[in-house]
J.: 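Before I ask anything, let me first share the structure, which is written out below as structure tokens.
A quick note: this is a predicted structure, and the numbers were derived from the prediction, not measured. No hydrogens, no waters, no symmetry mates; every other heavy atom, side chains included, goes into these values. Note that ligands are numbered from 1 as they come in the structure, with each ligand's atoms numbered from 1 the same way.
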Amino acid sequence: MLTTYTLEHQPYQVYRAGMEGPVLLFVHGFPLNHAQWENQFMHFAASHQVIAPDLRGLGGSRITDNDAVVTMEQHADDLNALLNELHITEPVVFIGLSMGGYVAWQMARKYPQGLRSLVLCHTRVIADTAEQAQGRHQLAAETLKTQSSLKIEEVMLPRLLPLPTDQSHGEVVRQMARSSSIAGLAATLRGMAARPDMTSLLPAISFPTLAISGEYDAISPPAEMAAWSSKIPGARFVSLPGVGHLSPIEGPHAFNQLLTESLPWLTGTTSR
Ligand code: MLT
């Protein structure tokens, strides 16, 4: 079920399913929204409480300020406020993909008491280079100028889905990009450009952590993810074969199986 809450006077849309079991908080990437987890919802809602927001500025959580910057810390503040609003008092399994992983670092830094464990999918720990940050600012400016998500789709699609894949995956990504407010897309690009390097946090992470990469992921390559995840005490790293940057969409069966197998460890009902 989709519900729109009000957080700090802004609409904040959230998908929820499943009434019982540990809470799984699914946090999407860019330029996506809660629907990127469509293949996970029914699978996990049978035995878990599933919560999947549209992060501020994306999907149904629309914003109108063309000059806004939505930082990764702001997203973490929103998620903490959302969990309070939903009266979720138990710590959650935070499952973040790419930008969702950038947000996970801020949750782990600022609200560690709210976390049971982390699943970090296709994500990075370092900041943008100056060149990458400048590219995002240019893309934000172009998006505002044209009042269209088209340039973002052109730039991001080959990076998100690098393999010759089912056309429908590309269409799903385009639909998600088009569902967001233009101001929100620009604000999100600026927020990612401003994100800090979080490498120094890694040795202090004390929750069970599963890092998931994809064989053909060029945004967060397996070697890079293996290297940073080895700095998190006890973390487990898996690279899924035959997928790029969006394994929950490209390879839902393998993704769901891996997560299902890992959940007893991630929820603390068994040791690794
Ligand atoms: C994402 O999937 O969230 C983006 O690829 C992240 C990024 O552009 O750094």
Side-chain angles (χ1 to χ4, degrees), residues 25-38 40 52-59 61 69-76 78-79 94-107 118-140 142-143 149 151-163 165 169-170 172-180 184-199 211-214 216-222 224-225 228 240 243-251 255:
L25 180 63
F26 286 92
V27 182
H28 63 80
F30 177 83
L32 310 173
N33 61 42
H34 75 277
Q36 79 144 85
W37 303 107
E38 203 78 60
Q40 281 67 55
D54 287 352
L55 293 176
R56 181 188 290 246
L58 298 175
S61 301
V69 181
V70 184
T71 63
M72 302 305 110
E73 181 174 2
Q74 174 71 62
H75 288 309
D78 286 344
L79 291 174
F94 187 112
I95 303 157
L97 183 137
S98 200
M99 182 176 71
Y102 308 159
V103 178
W105 305 130
Q106 299 308 315
M107 283 296 280
L118 293 174
V119 181
L120 300 165
C121 317
H122 307 275
T123 195
R124 313 189 77 193
V125 71
I126 55 175
D128 276 359
T129 62
E131 195 183 338
Q132 285 167 334
Q134 195 193 2
R136 294 204 206 259
H137 283 285
Q138 276 167 1
L139 193 51
E142 172 109 8
T143 300
S149 62
K151 191 75 190 167
I152 290 175
E153 293 166 39
E154 276 171 18
V155 170
M156 295 298 297
L157 258 176
R159 306 184 70 219
L160 297 171
L161 295 168
L163 298 172
T165 166
H169 295 154
V172 163
V173 169
R174 282 183 187 278
Q175 288 306 327
M176 283 190 260
R178 290 172 192 175
S179 77
S180 295
L185 290 167
T188 309
L189 282 162
R190 297 189 194 105
M192 285 195 289
R195 77 185 191 282
D197 184 330
M198 297 302 291
T199 307
I212 304 176
S213 183
Y216 298 104
D217 188 345
I219 299 177
S220 36
E224 181 183 310
M225 286 196 62
W228 63 247
L240 293 173
V243 294
H245 188 65
L246 296 179
S247 62
I249 294 174
E250 299 170 276
F255 180 90

J.: Measure from the side-chain N and O atoms of Asn33 to the backbone N and O of Asp54, and report whether any donor-acceptor pair falls under 3.5 Å.
T.: no

J.: Taking only heavy atoms of Met99 into account, list the atoms of ligand 1 that are under 4.0 Å away from them.
T.: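 It comes down to these atoms of ligand 1: 1 (C), 3 (O).
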
J.: At a non-hydrogen distance cut-off of under 4.0 Å, which region of His245 contacts ligand 1 (side chain, backbone, both, or neither)?
T.: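 Near ligand 1, His245 shows its side chain, while the N, CA, C and O stay back.
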
J.: Show the atoms of ligand 1 that are less than 4.0 angstrom away from any heavy atom in Ile219.
T.: 5 (O)

J.: One thing to verify: whether Glu142 and Lys151 come together as a salt bridge, which I'm taking to mean a side-chain N less than 4.0 angstrom from a carboxylate O.
T.: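 Looking at Lys151 and Glu142, the cut-off is not met.
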
J.: Could you establish whether Asp128 and ligand 1 come within less than 4.0 Å of each other, counting only heavy atoms on the residue side?
T.: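 No, that is not the case, since the closest heavy atom of the residue is not under 4.0 Å from the ligand.
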
J.: With a 3.5 Å distance limit and no angle check, can you tell me whether Gln36 reaches the backbone of Leu32 through a side-chain donor-acceptor pair?
T.: no

J.: Is it the case that the side chains of His245 and Ser98 hold a donor-acceptor pair, with the cut-off being a distance below 3.5 Å and no angle test?
T.: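 Result is yes, a qualifying pair exists.
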
J.: If you count the atoms of ligand 1 from 1 in the order shown, which ones are under 4.0 Å from a heavy atom of Met156?
T.: 4 (C), 5 (O), 8 (O)

J.: I'd like to check which ligand 1 atoms, numbered from 1 as shown, lie under 4.0 Å from a non-hydrogen atom of Gly29.
T.: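 Answer, ordered by atom number: 3 (O).
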
J.: Just to confirm my output: which protein heavy-atom neighbour is closest to atom 6 (C) of ligand 1, and how far is it?
T.: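 I find the closest protein heavy atom is Ser98 OG, 3.1 Å.
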
J.: Heavy atom to atom 8 (O) of ligand 1, shortest distance: which of Arg124, Gln36, Arg136, His28 holds it?
T.: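 Comparing heavy atoms across Arg124, Gln36, Arg136, His28, the nearest one to atom 8 (O) of ligand 1 lies in Arg136.
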
J.: Can a donor-acceptor pair be found, under 3.5 Å and without considering hydrogens, that links the side chain of Ser149 to the backbone of Ile152?
T.: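 No; judged by distance alone, with no hydrogens or angles, the pair does not exist.
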
J.: May I ask you to say whether Glu73 pairs ionically with Arg195, meaning some side-chain N is under 4.0 Å from a carboxylate O?
T.: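 Between Arg195 and Glu73 there is no salt bridge, as every charged N stays at least 4.0 Å from the carboxylate O atoms.
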
J.: Judged by atom type as modelled, is there a donor-acceptor pair below 3.5 Å linking the side chain of Ser61 to the main-chain atoms of Gly57?
T.: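 No, because the side chain of Ser61 does not come within donor-acceptor range (under 3.5 Å) of the backbone of Gly57.
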
J.: Could you identify the single nearest non-hydrogen protein atom to atom 3 (O) of ligand 1 and state the distance to 0.1 Å?
T.: Phe30 N, 2.7 Å

J.: Looking only at protein heavy atoms, identify the closest one to atom 9 (O) of ligand 1 and say how far it is in Å.
T.: Tyr102 OH, 2.6 Å

